[in-house]
Number of protein chains: 2
Amino acid sequence: MDTKTICLGVLSLHDATGYEIKKQFEEGPFSYFYDAGYGSIYPALGKMLSEGLVTCVEVPQDGRPAKKVYSITDAGRDVLRDMLHVRPARDKLRSDSLVMLFFGHLLETNQRAAVFDDYLAYYRDCLDCLNRMDNSESEDDRCFVHGMGVAVYEAAIRHLEDNQQAFLDSHNAPEIKRAAGGGG
Amino acid sequence: MDTKTICLGVLSLHDATGYEIKKQFEEGPFSYFYDAGYGSIYPALGKMLSEGLVTCVEVPQDGRPAKKVYSITDAGRDVLRDMLHVRPARDKLRSDSLVMLFFGHLLETNQRAAVFDDYLAYYRDCLDCLNRMDNSESEDDRCFVHGMGVAVYEAAIRHLEDNQQAFLDSHNAPEIKRAAGGGG
DNA sequence: ATAACCATGTAAATGGTTACATGATTAG
DNA sequence: CTAATCATGTAACCATTTACATGGTTAT
């Protein structure tokens with residue numbers, strides 16, 4: 001599943017410019033499970049235009065470069081449908097922050113705490129972002145996926161909050177850890 | 001954070017072959033937040049060998065190609081430490097399955113149910129895999145990250161289980177949805 | 001027989017990020 | 001004045017995936 005497919009998906013919901021599609025990945029319902037930068041969106045749009053999967057209307061604007069509003073075509077809808085019929089790849093998560101926390105013993109105390117705090121703040125932002133979204137107009141599909149993101153972010157935040165003190169303490173006083181632990 | 005860094009991380013815990021490193025990404029504690037194939041692991045190991053970050057001992061075996069057991073060097077530990085001091089990139093999740101469920105209305109009823117079932121089964125496998133792991137020898141760092149994976153997978157599974165019926169029903173009978181909903 | 005596991009590696013192709021290039025408007 | 005937002009696009013670089021290449025052992 002590449003940038004082309006996901007752009008086609010966004011356009012199947014409503015017309016959009018490349019700029020607006022990016023915002024969907026940043027602040028919209030896609031933010032939980034997909035991301036793409038301008039460097040992949042614009043070329044994808046251009047390619048699909050040449051393939052007849054989308055059309056484009058240039059809307060001149062005062063003082064700004066013309067907006068290019070893309071719309072999906074019937075051929076585009078067919079291709080999107082086909083793309084949704086291939087076996088999905090497994091989910092792929094890559095988390096540099098978790099790598100760092102995993103090797104937390106190699107960091108200084110304050111560095112480790114900073115990484116932890118930033119990570120927690122980051123997840124809170126993600127959750128806020130999902131919660132800010134107006135879901136009242138959404139189909140059930142979208143509500144379900146949105147709810148999945150909320151559930152996962154909440155679980156992550158809860159784990160971070162519940163274990164923050166223990167995680168940071170354990171590095172500072174390893175002897176105490178052994179003495180305090182019941183064992184078994 | 002690239003394959004080199006994460007391989008170095010694995011080797012900082014214990015010596016390993018490329019094959020064994022891959023297994024760590026598949027079934028080990030890294031499975032939640034990192035993945036890499038042979039196509040990136042072997043070249044990374046070769047490059048690090050030439051840079052003096054790791055050493056390699058060839059262990060001949062009966063009937064099989066010689067095992068190459070890699071060990072991290074002091075220079076390797078320094079580089080790893082440095083790599084852990086750059087600002088971490090944001091987490092990146094890519095989920096084809098959620099894209100499919102998001103556009104579930106474009107799939108046939110049985111296809112949609114199949115994607116859903118496979119996704120739930122996949123998450124259960126992931127959770128089982130983490131739970132099978134022996135964590136008793138692990139440091140607190142590792143336990144914390146392991147616990148994060150468990151918490152997130154459990155939340156995802158709960159959401160999938162709790163909403164499966166409603167998700168599938170909503171597509172089959174959209175009129176009923178409207179009639180049943182209290183609104184507001 | 002067949003599949004899965006052990007074990008390594010390369011080359012081509014794909015895909016994505018980052019830096020570059022441009023430039024007006026609006027809010028602080 | 002500065003930063004952010006709106007708005008598009010290319011080129012170079014980087015990283016990863018996939019297919020290819022090899023081949024014995026063990027379990028079903």
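What's counted below: heavy atoms across the whole structure, side chains too, no hydrogens, waters or symmetry copies. Naming convention: chains lettered A, B, ... in sequence-line order (proteins, then strands); numbering from 1 in each chain.
- Ion pair B/Arg124/B/Glu161 flagged as a salt bridge, since at least one NZ, NE, NH1 or NH2 atom sits closer than 4.0 Å to an Asp/Glu carboxylate oxygen.
- Using a 4.0 Å heavy-atom criterion, one finds that A/Gly37 contacts the sugar-phosphate atoms exclusively.
- Residues B/Ala66 and A/Ser40 both approach DNA chain C. Their nearest nucleotides, taken by heavy-atom distance, put B/Ala66 toward the 5′ side.
- Figure legend: cation-pi geometry between A/Arg90 and B/Tyr122 absent, as NZ or CZ is not positioned both under 6.0 Å from the six-membered ring centre and within 45° of its axis.
- A residue-by-residue look at B/Pro43 and A/Gly39 shows that B/Pro43 has its nearest nucleotide of DNA chain C further toward the 5' end.
- Distances shown here put a side-chain N or O of B/Gln61 below 4.0 Å from the OP1 or OP2 atom of C/dA7.
- Residue-level contact check: A/Phe25 touches neither bases nor backbone, having no heavy atom under 4.0 Å from any strand.
- Nucleic acid contact for A/Lys23: sugar-phosphate only, since backbone atoms but no base atoms lie under 4.0 Å from a heavy atom of the residue.
- From B/Met48, atom CE reaches atom OG1 of B/Thr3 across 9.0 Å, with rounding to the nearest 0.5 Å.
- Distances shown here put a side-chain N or O of B/Thr3 below 4.0 Å from the OP1 or OP2 atom of D/dT16.
- Judged by the 6.0 Å distance and 45° axis criteria, B/Arg94 is positioned over the aromatic ring of A/Tyr34.
- In this structure, OH of A/Tyr38 is placed 15 Å from C1' of C/dT22, rounded to the nearest angstrom.
- For the pair A/Ile21 CD1 and D/dC6 C1', the interatomic distance rounds to 16 Å; values are reported in whole Å.
- If you take CD of A/Glu20 and P of D/dT5, they are 15 Å apart, rounded to a whole angstrom.
- With respect to the salt-bridge test (charged N to carboxylate O, under 4.0 angstrom), the residues A/Lys22 and A/Glu26 qualify.
- B/Lys22 places its NZ atom 14 Å from the P atom of C/dA7, with the value rounded to the nearest Å.
- One can place CG of B/Asp2 at 6 Å from P of D/dT16, the figure rounded to the nearest angstrom.
- One interatomic measurement links the two molecules: CD1 of A/Ile41 to P of D/dC6, which rounds to 14 Å at whole-angstrom precision.
- Contact annotation for B/Lys92: backbone-only contact, meaning every heavy-atom pair under 4.0 Å involves sugar-phosphate atoms and none involves a base.
- For the pair B/Gln24 CD and C/dA7 C1', the computed distance is 17 Å after rounding to whole Å.
- Residue B/Arg94 places at least one side-chain N or O under 4.0 Å from the OP1 or OP2 atom of C/dG16.
- Atom CD of B/Glu58 is separated from atom C1' of C/dA7 by 12 Å (rounded to the nearest Å).
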